[in-house]
Amino acid sequence: MPSALAEAPVHLPPQADPAIAREAGTAPGREGGAGIRIVKGACPHDCPDTCALKVTVEDGRVVKVQGQPDHASTHGALCTKVSRYPERTYHAERVLHPLKRVSAKHEAPRFERIAWAQALEEIAGRLKAIAARDPQAILPYSYAGTMGMLQGEGMAARFFHRLGASCLDRTICSSAGGAGLAATYGHKVGMHLPYYAESRLILIWGSNSIASNLHFWTFANQAKRAGAKLVCIDPRKTETADKCHQHLALLPGTDGALALGLMHELIAHDWLDHDYIARHVTGWDELREKALAWTPERTAAECGLSADEVRGLARDYATLAPAAIRLNYGMQRVRGGGNAVRLIALLPCLTGAWRHRAGGLLLSSSGWFAPFKNPALERADLRGGRPARTINMSTIGDDLLREASPAFGPKVEAVIVYNSNPVAVAPESAKVAAGFGRADLMTVVLEHFMTDTADLADYVLPATTQLEHLDVHLSYGHTDVLINEPAIAPLGESRPNTRIFRDLAAAMGFDEPAFHEDDEALLRQAFRDEVDLDQLRARGWFTLPLPQAPFAEGGFPSRDGKADARGADYLPNYESRASDPALAARYPLAMISPPARNFLNSSFVNVKSLRDIEGEQLLEMSAGDAAARGLADGQMVRVFNDRGSYRCRLEVSARARDGVVHGLGVWWRKLGADGRNVNEVTHQRLTDLGRAPCFYDCLVEVDAD
Ligand SMILES: Nc1nc2c(c(=O)[nH]1)N[C@H]1C(S)=C(S)[C@@H](COP(=O)(O)OP(=O)(O)OC[C@H]3O[C@@H](n4cnc5c(=O)[nH]c(N)nc54)[C@H](O)[C@@H]3O)O[C@H]1N2
Ligand SMILES: Nc1nc2c(c(=O)[nH]1)N[C@H]1C(S)=C(S)[C@@H](COP(=O)(O)OP(=O)(O)OC[C@H]3O[C@@H](n4cnc5c(=O)[nH]c(N)nc54)[C@H](O)[C@@H]3O)O[C@H]1N2
Ligand SMILES: [Mo]
């Protein structure tokens, strides 16, 4: 257990008394009268905000989804996407019945409706035949379509452990940064969200907060109104950069160099907290030597900034206290992403910014939950000592095309996909699509919609949405546990993921008690005793008891309680002038593909009102780069490199700096101009730490279509 967590509870917001709800004659989580019910929900999406929802149900139909006004970070506000959640749930194209493929994999997808009994029997029959040869030929593929503990891996993990299937390394989003944080602090821990309101300097680093972390922005804005300086560090001039005092448009993948350059200035001006370093940092001498090589001039040249920008940022960081950093995952999707997080995470240790509750850094708060979770929920013991070959979800393109070998193990013969749309979101789409398009691969997809991945399935099983099932949520941007009560009965014949895996277990003949436990039972097993479920359900959320300034006196959750600087260093992108000049000569444009504001990865792309706001797949390019290629605003272009190409519309934009283009993602392939999206050009090489993809480490060229 991280030592900091042992401290006494602080500043717990007042909790509602469950008895009050009972006195009013309503079950916990539900209230209201005359055909109207208000249900306590949680936003299921992969976003740091994890909002508390207030769901209004009228005569069995959800009519409104709003933010809970008294939940501290949600404060009654939702993003545009999630306020449209009913439109998604009642969407005319929801998959509401099991479907079986009737066309060949290489043909246009055609499916027929079948009964659940037939679907379960046929799928179990095929899985049994494969498992009789080697269950490791079966692979689960899932990510954070829902972040719920139950509808995520709660029952699914039990099923795959019992089956003895391959394991999936879930690396597609955050594992480089996660590994970087763990290597430095010992765990994924950081500042508490509300105290950003008290900071005097906030570096918003690799994060388009207004688009992807909206409820953080509220606190940053409060600080801004109180006189704080806000600096945005991002190659793209985002909506967030527009609202900050300063924007530093560094080149993609150069954040580690910038951190070293800042350290150079901290040393040169003696802006260091020597006492904090001596007591709470390991490996400072080694890091100091490295940082001394990064003069402002060298740093500026590497990052594509001016030396004065580097100097000014260092001065602000050292002299405006308390100084806080909001790092987000945008900056770690490059070869050196893990090390860049390490170097940036060391900055507040060098200045002692951690001494104040409004100083320090937040990338992820998810490690704070670790001591409260019950690891037994997923029942790894059901594997019974059988081997667990692990496949990295980020190299699914290569791995589905691999033959059996001693190093790899058996060829993948079946994939069961849930909570993810790999054909759209995984790198190097041509290979991913070819893999899922294999005639000899059996694919089962649990989904709400016919996504690009569902189009390549043998069976599609209809899953419930967040309004139709029970779940419980943690957050990676704050430290509350949230309940999600079902608001309505499942639509059509849809079933919760938990039930689908229970049903599949029964069809496979797995009769352990673990497969007879319902969702209520899973909820009771999700946590250790410290999380009070009654309180959680009465109020809608439960705030972890944590210290306000967690590392004011050191006490990092590492082995020796210190932050570790050993080994951290800058690594340039794989695809850069420094690493591969010949490639950079042919493909001179660095491409990043950050999220479009109105989509959530590839979710919501099919919600028409949101797609109408985004228009179509766009590529942002600077006026200089467009002129050099004879390209005009609004024309169709081809984006390409040696891996492939896709077509989209060009937007000549002041959001792009010279040499960098932005392909806003992640569109469904089939809604793209030529049935492809940005991942046609991304590659499958992995980051330095965490085995993660390098979506934003990618060189391309662009020409007229
Ligand atoms: N609206 C919306 N919200 C989302 C998402 C979404 O798709 N849409 N996605 C969710 C998910 S899955 C996640 S993981 C989280 C966090 O999701 P992130 O993908 O981290 O989201 P952003 O905060 O947009 O961060 C990307 C930002 O990093 C910038 N960037 C790209 N390369 C670099 C670089 O090398 N250095 C620096 N400094 N910046 C770089 C991009 O221009 C962009 O502004 O947000 C979640 N929230
Ligand atoms: N080029 C490029 N590629 C990227 C990124 C990028 O920035 N650029 N971002 C990356 C990042 S950060 C991430 S996190 C990944 C995200 O990739 P994914 O985790 O695959 O996320 P989504 O694309 O949102 O797909 C989630 C799917 O889960 C389904 N779903 C939602 N809830 C449920 C449920 O309760 N049950 C079932 N069965 N299904 C459900 C949704 O309908 C949706 O189709 O994409 C990555 N890909
Ligand atoms: Mo993500």
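For the numbers below, each heavy atom of this structure counts, side chains included, while hydrogens, waters and symmetry mates do not. Atoms within a ligand are numbered from 1 in the order they appear, just like the ligands themselves. Remember, predicted model here, so these are calculated numbers, not experimental data.
- With ligand atoms numbered from 1 in the order given, ligand 1 contributes 1 (N), 2 (C), 6 (C), 7 (O), 8 (N) to contacts under 4.0 Å with heavy atoms of Phe599.
- Considering backbone and side-chain atoms together, Thr238 places no N or O closer than 3.5 Å to any N or O of ligand 1.
- Nearest-heavy-atom check against atom 24 (O) of ligand 2 across Ser603, Gly663, Pro422 picks out Ser603.
- Note on ring orientation: taking the six-membered ring where Trp is involved, the planes of Tyr476 and Tyr329 are tilted (angle from 30° to 60°).
- Between Ser212 and ligand 1, a contact under 3.5 Å exists for at least one N or O pair.
- Ligand 1 has no N or O atom lying under 3.5 Å from any N or O atom of Cys173, backbone or side chain.
- Remark: among candidates Val666, Leu363, Asp255, the nearest residue to atom 37 (C) of ligand 1 is Asp255, based on non-hydrogen atoms.
- Looking at Asn598 next to ligand 1, no N or O pair under 3.5 Å apart turns up.
- Between atom CE of residue Met393 and atom OH of residue Tyr141 there is a gap of 3.5 Å, rounded to the nearest 0.5 Å.
- With atom 28 (O) of ligand 2 as the reference point, the heavy atom nearest to it among Val681, Asn419, Val417 is part of Asn419.
- Between Asp688 and Arg342, none of the side-chain N atoms (NZ, or NE/NH1/NH2) sits under 4.0 Å from a carboxylate O, so this pair counts as no salt bridge.
- Taking only nitrogen or oxygen atoms, main chain and side chain alike, Lys81 reaches within less than 3.5 Å of ligand 1.
- Between Glu378 and Arg158 there is no salt bridge, since no side-chain nitrogen of the basic residue lies less than 4.0 Å from a carboxylate oxygen of the acidic one.
- A salt bridge links Glu428 and Lys431; the closest N-O separation between the charged side-chain nitrogens and carboxylate oxygens is under 4.0 Å.
- Considering backbone and side-chain N/O atoms, Cys47 never comes within less than 3.5 Å of an N/O atom of ligand 1.
- Here the two rings, on Tyr646 and Phe640, have centers that are 6.0 Å apart or farther.
- With ligand atoms numbered from 1 in the order given, ligand 2 contributes 22 (P), 23 (O), 24 (O), 25 (O) to contacts under 4.0 Å with heavy atoms of Ser602.
- Each of the following atoms of ligand 2 lies closer than 4.0 Å to a heavy atom of Ser593: 1 (N), 2 (C), 6 (C), 7 (O), 8 (N).
- When each of Arg647, Arg669, Arg643 is checked for a salt bridge (charged side-chain N to carboxylate O under 4.0 Å, His left out) with Glu680, only Arg669 meets the rule.
- Of the possible donor and acceptor atoms, none in the side chain of His473 sits under 3.5 Å from a partner among the backbone N and O of Pro44.
- Formation of a donor-acceptor pair under 3.5 Å by the Asp234 side chain with backbone atoms of Arg236 is found in this model.
- Ligand 1 has an N or O atom lying under 3.5 Å from an N or O atom of Asn208, backbone or side chain.
- Atom numbering of ligand 2 starts at 1 in the shown order; those under 4.0 Å from a heavy atom of Ala463 are 36 (N), 37 (C), 38 (N).
- Close approach of ligand 2 to Asn679 (heavy-atom distance below 4.0 Å) involves ligand atoms 1 (N), 2 (C), 3 (N).
- For the pair Arg326 and Trp205, the cation-pi test (distance below 6.0 Å, angle within 45°) is failed.
- For atom 35 (O) of ligand 2, the nearest non-hydrogen atom from the set Thr464, Asn677, Leu600 belongs to Thr464.
- The shortest N or O to N or O distance between Ile233 and ligand 1 is below 3.5 Å.
- Look at Glu468 and Arg94 and you find a salt bridge, because one of the NZ, NE, NH1 or NH2 atoms lies within 4.0 Å of a carboxylate O, short of that distance.
- Remark: the backbone N or O of Tyr570 is not paired with any side-chain donor or acceptor of Asn339 at under 3.5 angstrom.
- Between Pro595 and ligand 1, a contact under 3.5 Å exists for no N or O pair.
- Of all the atoms in ligand 1, the ones that sit under 4.0 Å from a non-hydrogen atom of Asn328 are 16 (C), 20 (O), 23 (O).
- Ligand-side atoms of ligand 1 in range of Gly253: 34 (C), 35 (O), range being under 4.0 angstrom from any heavy atom.
- In the candidate list Thr465, Leu664, Val425, Thr682, Val425 is nearest to atom 17 (O) of ligand 2, counting heavy atoms.
- Using a 4.0 Å heavy-atom cutoff, His45 is absent from the residues neighbouring ligand 2.
- The ligand atoms of ligand 1 that sit less than 4.0 angstrom from a heavy atom of Leu250 are 38 (N).
- Looking at Asp452 and Asn421, their side chains never bring a donor and an acceptor atom within 3.5 Å of each other.
- In this structure, Ala144 counts as a contact residue of ligand 2, since one of its heavy atoms falls inside 4.0 Å of the ligand.
- Ligand 1 has no N or O atom lying under 3.5 Å from any N or O atom of Ile592, backbone or side chain.
- Counting atoms of ligand 1 from 1 in the listed order, those under 4.0 Å from a heavy atom of Met331 are 34 (C), 36 (N), 37 (C), 38 (N).
- At least one heavy atom of Glu447 lies less than 4.0 angstrom from ligand 2.
- Ligand 1 places these atoms under 4.0 Å from at least one heavy atom of Asn601: 6 (C), 7 (O), 9 (N), 12 (S).
- Judged by the shortest distance from any of its heavy atoms, Glu680 lies outside the 4.0 Å radius around the atoms of ligand 2.
- Of the candidates Tyr696, Tyr329, Tyr476, Tyr476 brings a heavy atom nearest to atom 15 (C) of ligand 1.
- Geometrically, Arg333 does not engage Phe695 in a cation-pi contact defined by less than 6.0 Å to the ring centre and at most 45° from the axis.
- Taking a 4.0 Å cut-off on heavy atoms, Gln466 fails to register as neighbouring ligand 2.
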